[in-house]
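Atoms within each ligand, like the ligands themselves, are counted from 1 in listed order.
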Amino acid sequence: MHQEYSPHTPTITAMPEPTTQQLKAWDRQIVWHAFTQMAEYEPLIIDQASGCTLVDIEGNQYIDGVGSLWCNVHGHRHPLIDEAIRRQLEKVAHVTSLGCSNPTTIKLARRLVDISPPGLEHVFFSDDGATSVEVAVKMALQYWRQREDPRPEKTKYVALGGAYHGDTLGSVSLGGVERFHAMFGPLLFEAVRVPAPDTYRTPEGIADDDLPGYHLDRLEGVLARHHERIAAMVIEPLVQCAAGMVVHPHGYLRGVRELTRRYDVLLIADEVAVGFGRTGRMFACENEDVSPDMLCLAKGITAGYMPLAATLTSDEIWRAFLGEYAQSRSFFHGHTYGGNPLAAAAALASLDVFEQEQTLAKLPKKIARLAEHLAKLAELPHVGHVRQCGMIGAVELVRDRSTKEPYPWEEKRGMRVCDHARSEGVLLRPLGNVIAIIPPLSITPGQLDRIAESITRGVAAATQEPS
Ligand SMILES: Cc1ncc(COP(=O)(O)O)c(C=O)c1O
């Protein structure tokens, strides 16, 4: 039985330390969780964490197999990052970025420019992945209007099928996940959609080797017809995470860069999910030697500690915004907490940890181990496909392996695998029928093994017919 709660219960204001039962009741009845059916929500209340282990209010431990939603990098409570935030707290917790600055955020901007692909020289801070994309979209539009040779007709954006760029309206307009986005249609601008180069569900008659060329030809067709009206193409480089970890074939990103350059279209790389080591390199674009015109960063930027995002851009774009006050060329966009110094301190410390612990150099062994586990998982009945890009793993369940027929999403097969894993102390989150494996980069081999073993048993439990 859930404890009854009325929002008018007076005991809430004079608050003694709540009991576990109270916390669970309030969590069910007051807190509105993101992307969660609250009528069915079973509270999972994490009270503490250390390394890759989370501990709930009842003392149960879980391996963090989703890196706190794809953003934890070095594990929880890393002493260097904890200490950096404490030290910043002794100076100042927040400084507005509207006409004002602070040393920590300036140092972070310098460092981001130093480590990002060549050509990105300026940093606009905001506070979440969606806002970093929103910034890029608006900046691109204003750039075309204000540059020396203005192109005000460039107001359209190309985005991929199944794209996910966040939940603000501009980001949702670019999004192509029908179940999340269709509802909001009346509020959105229309994106020019091109199909994603999906390496599992390939177009009929197209061999794997021809996949990048096939999709690049289609993109070229769109750009050739509409480039005069297209401001930018927005892409999740290498892996479209929310789409179900759709991994692009090698060469596609490089081809996109060449085409966008040829047709004078800006390239916005949304590395909110894939940035900061996730693909094995610091940034996914590095895997194909690509420099986008804008780079959107969030999630792992603070190693999963605090909300912070950044949109990096070129000097050419920056210069289009310079001028006299009365010319009104400033970028009219901002977020109260953009570039918050506590978050910037966490981000700087995270970059120190990358260097001190040689995080990237240690990845190849873990990536190989994840590959071994995925190869075994691929043999299970009802596993249609496994895919991997660096420390991103995915296991896709299908009703029929030969036809690739998916399970109807309402059957919650992916969720059932994750529920099983949770009962064994492994925290995962599905993307429909896809089980995503995105632990902190600091995960140990033993913990990776436990994640894979739990998924193996979870798949067996979740794919027994009927639904
Ligand atoms: C590629 C990508 N872009 C943007 C976002 C939105 O980020 P946030 O949830 O921080 O707004 C996400 C979140 O999952 C993402 O995966």
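Residue pairs satisfying the salt bridge (Lys or Arg N to Asp or Glu O under 4.0 Å) criterion with at least one member in residues 63-77, sequence neighbours excluded, are listed as follows: Arg77-Asp82.
Taking the six-membered ring where tryptophan is involved, the planes of Phe35 and Tyr164 are perpendicular, since the angle between them exceeds 60° and thus also 30°.
At least one side-chain heavy atom of Thr53 sits under 4.5 Å from a side-chain heavy atom of Gln447.
Evaluated for a ring-ring contact (aromatic ring centres under 6.0 Å, His included) with His122, the options Phe321, Trp318, Phe331 yield exactly one hit, Trp318.
Within 4.0 Å of ligand 1, protein heavy atoms come from Trp70, Asp128, Gly129, Ala130, Tyr164, His165, Gly166, Glu236, Asp270, Val272, Ala273, Lys299.
Remark: the Tyr407 side chain and the His382 side chain contain an N/O donor-acceptor pair separated by less than 3.5 Å.
Open room surrounds CD on Glu190; 12 or fewer heavy atoms of other groups in view lie less than 6.0 Å from it.
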